[in-house]
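Reading through the structure tokens given below for one structure.
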Amino acid sequence: MTKAVTKKITDASIRAAFKKEVRYLYDSRRVEFHINAARTGGTFYDVVYKGKKRQRTKLAKWPAITAASLFQELPAIRANALADRKARLAVSTYHTAGEVLMWFMQHIDADKTYSVSYVSTASSYIGNHLLAKLSEATLSELNKTRLYRTLYMPMQADYALSTIKGVISVLKTAFARAYELGLIARNPIADITFSSFTTTQPEAKPGKLKPHDLKALIKAINGQPTQKRVFFMTQLLHATRIGETSLAEWKQFSNAPLEWSIPEENTKNNTEHRLPITQHAYDLIHTLPKRGDYIFSSNGDKPYAIRTLERWYQSLSDEVGIKFTSHDIRKLARDCWQDMGIDWVIGEMLLNHERDGLDKRYMHAHSREQMKRALGEWGDVFCVCSVI
DNA sequence: ATACTTGCTCTACAGTAAGC
DNA sequence: GCTTACTGTAGAGCAAGTAT
């Protein structure tokens with residue numbers, strides 16, 4: 001095959017080239033056109049000469065982009081392609097942990113598939129711990145010994161193991177992602193895990209409220225103004241999460257059948273949660289005035305901020321004289337159910353926990369009946385303890 | 001069991017409506 | 001107009017939760 005040279009590439013000259021045995025076309029505006037091997041189309045390149053070396057950057061594919069539109073948009077297309085290329089060249093020059101971590105921080109911020117809470121936590125760990133300790137470390141210096149000395153040992157003196165575990169996990173994620181995308185040639189963190197440094201695992205703390213605290217708790221709740229009282233009781237009766245409870249809407253409650261249906265977008269595990277509630281719980285909710293969609297709201301059009309509800313709990317906790325939070329209510333309900341002899345799996349289902357394969361066999365109409373009975377028995381406890 | 005992600009809590013601070 | 005109480009936001013830390 002021979003090569004043809006033209007001063008200007010046009011759609012007509014490209015079509016003509018396909019008929020001849022031509023593979024390349026050249027344009028004086030520093031653009032080359034390469035016809036592909038299958039001769040079904042071709043690619044426009046930007047061309048730069050660096051000494052004797054010719055550097056090409058892909059601009060666009062023909063016929064998806066015609067020559068006419070390419071040359072019309074040439075400055076913009078060229079700028080984009082070169083910026084891309086520069087970015088690629090720049091990232092391949094990551095030499096220190098700091099550079100990789102900075103990239104990851106910018107990456108998770110720009111990539112909307114990461115949740116807001118992950119970006120917040122990960123940025124905090126990078127900004128406060130990882131950059132401070134590893135910023136200058138070159139990729140080849142990142143080994144177990146280095147991390148042990150500069151990251152693990154200093155941190156274990158001041159922070160909970162769960163925090164260190166989280167920090168290491170962000171570090172691993174950043175490097176794994178950078179490696180996967182070809183931004184670094186080797187992943188020096190790949191073989192390092194949290195358990196490289198300690199065999200101790202972070203412990204889950206037991207709930208602060210014990211079943212024998214229930215009476216005092218109910219007494220304090222009953223002393224609250226109506227809206228707070230209903231909020232606390234709704235959460236206690238159903239052991240729902242604070243976020244799920246705060247977003248409760250009137251339309252989520254039905255009378256026949258008696259049910260509270262929490263939509264998937266409000267739950268932690270993104271699965272709809274249908275709770276078979278009691279008549280009593282239904283009536284309790286409906287003692288509140290209806291002002292807009294949300295049940296717990298100051299003005300009717302938006303729900304209370306979680307932070308506000310946490311403060312409600314803080315003052316309730318002060319009144320009871322035990323330091324607890326909304327999540328301890330959930331744990332308390334769980335403990336009480338256990339004491340009442342409610343099946344463990346039914347408890348898990350009421351909490352909307354993911355169950356493994358074996359437990360999934362429980363998923364049938366019968367279990368729903370048991371959930372309903374459990375919540376009924378749990379509700380009866382309150383009728384005995386108090387008048388609501 | 002380990003790895004990874006998400007939610008909750010705490011602190012600090014800011015805006016705003018209510019009460020004086 | 002000033003103070004105060006209530007509500008909301010943001011950043012950091014911790015632990016619960018799900019995925020592997």
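Proteins come first, then strands; the chains are lettered A, B, ... in the order of their sequence lines, and each starts at number 1.
When the nucleotides B/dA3, B/dC8, C/dA12 are ranked by their closest atom to the side chain of A/R241, B/dC8 comes out on top. Side-chain proximity of A/H327 to the nucleotides C/dA16, B/dT5, C/dG13 is greatest for C/dA16. Across B/dC8, C/dG13, C/dA16, the shortest atom-to-atom separation from the side chain of A/S124 is found for C/dG13. Looking at the side chain of A/Q314, the nearest of the listed nucleotides C/dT7, B/dT6, B/dC10 is B/dC10. Nearest to the side chain of A/Y159, among B/dA3, C/dC14, B/dG7, sits C/dC14.
A/Y159 and A/H129 have their aromatic ring centers within a separation under 6.0 angstrom.
Remark: C1' of B/dC10 and CH2 of A/W312 are 19 Å apart, rounded to the nearest angstrom. If you take CD of A/Q227 and P of C/dT7, they are 9 Å apart, rounded to a whole angstrom. Residue A/E310 contributes atom CD, which lies 13 Å from atom C1' of C/dA10 at whole-angstrom precision. What separates CG of A/D328 from P of B/dG7 is a distance of 19 Å, to the nearest Å. Across the protein-nucleic acid pair, A/L351 atom CG and C/dA16 atom P stand 13 Å apart, rounded to whole Å. Rounded to an integer number of Å, the gap from OH of A/Y304 to P of C/dT7 is 5 Å. What separates CG of A/L247 from P of B/dG7 is a distance of 11 Å, to the nearest Å. In this structure, the CG atom of A/L130 is 14 Å from the C1' atom of C/dG13, given to the nearest Å.
A salt bridge links A/R241 and A/E244; the closest N-O separation between the charged side-chain nitrogens and carboxylate oxygens is under 4.0 Å. A/K372 has no carboxylate O lying under 4.0 Å from a charged side-chain N of A/E377, or vice versa, which leaves the two without a salt bridge.
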message: Is there a ring pair (Phe, Tyr, Trp, His ring centres under 6.0 Å) between A/H286 and A/W250? Walk through the geometry before answering.
response: CA-CA 9 Å; A/H286 287 82; A/W250 295 107; 5.4 Å; yes

message: Please determine whether side-chain hydrogen bond (donor to acceptor under 3.5 Å, both in side chains) holds for the pair A/Y304 and A/E310, giving the CA-CA distance in whole Å, both sets of side-chain angles, and the decisive distance to 0.1 Å.
response: CA-CA 10 Å; A/Y304 284 115; A/E310 284 165 5; over 6 Å; no

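Taking 4.0 angstrom as the limit, A/T163 places none of its side-chain polar atoms (N or O) nearer than this to OP1 or OP2 of C/dG13. An OP1 or OP2 oxygen of B/dT9 is reached within less than 4.0 angstrom by a side-chain nitrogen or oxygen of A/S326. Listed pair A/Y118 / B/dT5 meets the phosphate criterion, a side-chain N or O lying under 4.0 Å from OP1 or OP2. An OP1 or OP2 oxygen of C/dC14 is reached within less than 4.0 angstrom by no side-chain nitrogen or oxygen of A/S162.
Heavy-atom nearest nucleotides on DNA chain C were determined for A/H129 and for A/R330, and the one closer to the 5' end corresponds to A/H129.
For the segment residues 165-172 of chain A, the set of residues with a heavy atom within less than 4.0 Å of an atom of DNA chain B comprises A/S169, A/K172, in numerical order.
Checking A/T240 against A/T245 by side-chain atom types alone, a donor-acceptor pair falls below 3.5 Å.
At the heavy-atom level, A/T121 lies under 4.0 Å from base atoms of the strands shown. Using a 4.0 Å heavy-atom cutoff across all strands shown, A/T325 reaches sugar-phosphate atoms only and no base atom.
Counted within 6.0 Å of OH on A/Y118, heavy atoms from surrounding residues, nucleotides or ligands total more than 12; the atom is thus considered enclosed.
Rounding to the nearest 0.5 angstrom, the gap separating the CZ atom in A/F231 from the CG atom in A/L309 is 4.0 Å.
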